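Right, one structure below, let's go through it.
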Amino acid sequence: MPHSLVINFTPISDIPVGYTSGKHLHALFFTLVNSVNPELAQYFHQSEANKSFTVSSLQVISNYKNRDNFLNYKQQNNIKKGSNCWWRITLLDDTLFSKLTKLWLNLRPQKPYHLGSGELMITSVLASPDSHLWANAISYQELYNQASETERNITLKIYTPTAFRQGKYDVSLPTAELVFNSLLRKWEKYSNISFSNANLDCLFPAYFDINTEIIIEPKTKFIGCIGTINYKILGEVETTLIKQINTLADYSFFSGLGRKTTMGFGIIKRLKSSS
């Protein structure tokens, strides 16, 4: 069962801007899990290459009006003490459901957590879609059952810089092949519902409004795309394949896309079709 959890917190001292994304929030994730379940933290550490979780960058509510639907991939300034903040984590491994229930119920310690030289206090953990637009939990089987067998129009919004590994190099252009093969690999690993025979040659980009973004951090340079892209399923296609493609598009909300999803990159959401 994939989970998307929103953690609300308040800094009790200023958080330096350099600690609001990337490897620092990646490390905070391990710290949070380790505080209530060291064995689970070790599991995530060992499975890191398998991308069994994703994290977002730190979000500050006062920075924008539509606080639920917008997701900022970088902060420009230090986060001030007392700010209302949130942070999103997704968990993909279906075998962890029983452990995760206990984990997130107990993730409200009275002690502060460190983020750089700053400290923060967790105020709540949200897991249901009626609590936050970036929170949800659904079984893999239900994701598949709910997917459309007829919808041929798929629009994806890429919120944080996204790139794909192709051989020795990164590719920032979100072709249908790169996007849906990325989603398919995670689906095949975690869902136990095989789409291994899915032929994605029927998918074609129809509209795109994307930009290239360059993220430069100490010892790191990441080039990726953000924006909106629409794909269409064309030709004579069996309903089973249409359903599988729609399932993958819906799954993107949890799985993330492309490289470095454990560092806040590749956050994506499917938008409702207008036609």
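FYI, the numbering just counts along the sequence from 1. FYI, side chains are in, hydrogens and waters are out, and symmetry mates aren't considered; it's all heavy atoms of this structure. Nothing here was measured: the structure is a model prediction, and the numbers come from that model.
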Surrounding CD of E177 (heavy atoms of other residues, nucleotides or ligands, distance under 6.0 Å), is the total greater than 12? no
Counting the benzene-type ring for Trp, do F254 and Y140 have ring centres under 6.0 Å apart? no
L115 reachable from V17 in the ILVMFWY side-chain graph, under 4.5 Å edges: no
Rounded to the nearest 0.5 Å, what's the gap from CH2 on W87 to CH2 on W134? Could you check? 15.5 Å
Under a single-linkage definition using a 4.5 Å side-chain heavy-atom cutoff for Ile, Leu, Val, Met, Phe, Trp and Tyr, are I226 and Y207 assigned to the same hydrophobic cluster? no
Answer yes or no: is there a side-chain heavy-atom contact under 4.5 Å between S56 and T160? no
Side-chain touch K232/F204, heavy atoms, less than 4.5 angstrom: no
Can N153 and N230 be said to form a side chain to side chain contact (heavy atoms under 4.5 Å, CB included), step by step? CA-CA 7 Å; N153 192 42; N230 172 268; 2.7 Å; yes
Looking at side-chain heavy atoms only, is the closest gap between L257 and V179 below 4.5 Å? yes
Rounded distance (nearest 0.5 Å) linking atom CG of N211 with atom OG of S172: 12.0 Å
I7 and its side-chain contact (heavy atoms from CB on, under 4.5 Å) partner, picked from L120, L32, V55, L28: L32
Beyond-backbone contact of K157 with T155, side-chain heavy atoms, under 4.5 angstrom: no
Has the side chain of K186 got a donor or acceptor atom that lies under 3.5 Å from a matching backbone atom of S255? yes
Does the side chain of M263 come within less than 4.5 Å of F222's, by heavy atoms? no
Hey, is the main chain of E149 close enough, under 3.5 Å, to the side chain of E151 for a donor-acceptor pair? no
Output for pair (I268 CD1, I229 CD1), nearest 0.5 Å, gives 9.0 Å
Step by step, work out the side chain to side chain contact (heavy atoms under 4.5 Å, CB included) result for R270 and N246. CA-CA 10 Å; R270 182 178 187 174; N246 276 285; 2.7 Å; yes
I need the minimum non-hydrogen distance between P112 and I12, along with the two atoms involved. CB-CD1, 3.7 Å
How long is the gap from CD on E188 to CG on N181, to the nearest 0.5 Å? 10.5 Å
Starting at CD1 of I245, measure out to OG of S148 and round the result to the nearest 0.5 Å. 11.0 Å
Answer yes or no: does atom OH of Y19 have more than 12 heavy-atom neighbours from other residues, nucleotides or ligands under 6.0 Å? no
Is the shortest heavy-atom distance from the side chain of C85 to the side chain of L58 under 4.5 Å? yes
Heavy-atom pair with the smallest gap, counting every atom of R152 and G235: NH1-O, 2.9 Å
Verify side chain to side chain contact (heavy atoms under 4.5 Å, CB included) between L126 and W86, making sure each step is shown before the conclusion. CA-CA 10 Å; L126 308 177; W86 61 274; over 6 Å; no
Do I223 and D170 make a side-chain contact, defined as non-hydrogen atoms from C-beta onward lying under 4.5 Å apart? no
Closest non-hydrogen atoms of Q166 and L178, given as atom of the first, atom of the second and distance, are NE2-CD2, 4.0 Å
Does some side-chain heavy atom of L143 sit less than 4.5 Å from a side-chain heavy atom of P2? yes
Hey, can you tell me if W187 and F195 have their rings parallel, tilted or perpendicular (30° and 60° cut-offs)? parallel
Does the side chain of N8 come under 3.5 Å of the side chain of N84 through a donor N or O and an acceptor N or O? no
Heavy atoms of A176 and L203 approach each other most closely as CB-O, 3.7 Å
Does any N or O in the side chain of D14 come within less than 3.5 Å of the main-chain N or O of K81, such that one atom is a donor and the other an acceptor? yes
Quick check on the 6.0 Å ring-centre criterion: do F180 and Y231 meet it? yes
Does E238, at its CD atom, have more than 12 non-hydrogen atoms belonging to other residues, nucleotides or ligands within less than 6.0 Å? no
OG1 on T228 to CG on L271, rounded to 0.5 Å: 6.0 Å
If we ignore hydrogens and angles and just use 3.5 Å, is the side chain of K243 paired with the main-chain N or O of Y144 as donor and acceptor? yes
Which heavy atom of N136 sits nearest to which heavy atom of P129, and what is that distance? OD1-CD, 3.5 Å
ILVMFWY network linking F208 to L156, side-chain heavy atoms under 4.5 angstrom: yes
Is there a side chain to side chain contact (heavy atoms under 4.5 Å, CB included) between I138 and Q146 once you walk through the steps? CA-CA 10 Å; I138 186 173; Q146 291 181 357; 3.6 Å; yes
Checking the side chain of Y190 only, and the main-chain atoms of S52 only, is there a donor and an acceptor separated by less than 3.5 Å? yes
At their closest point, which heavy atom of T123 faces which heavy atom of F9, and how far apart are they? OG1-N, 3.8 Å
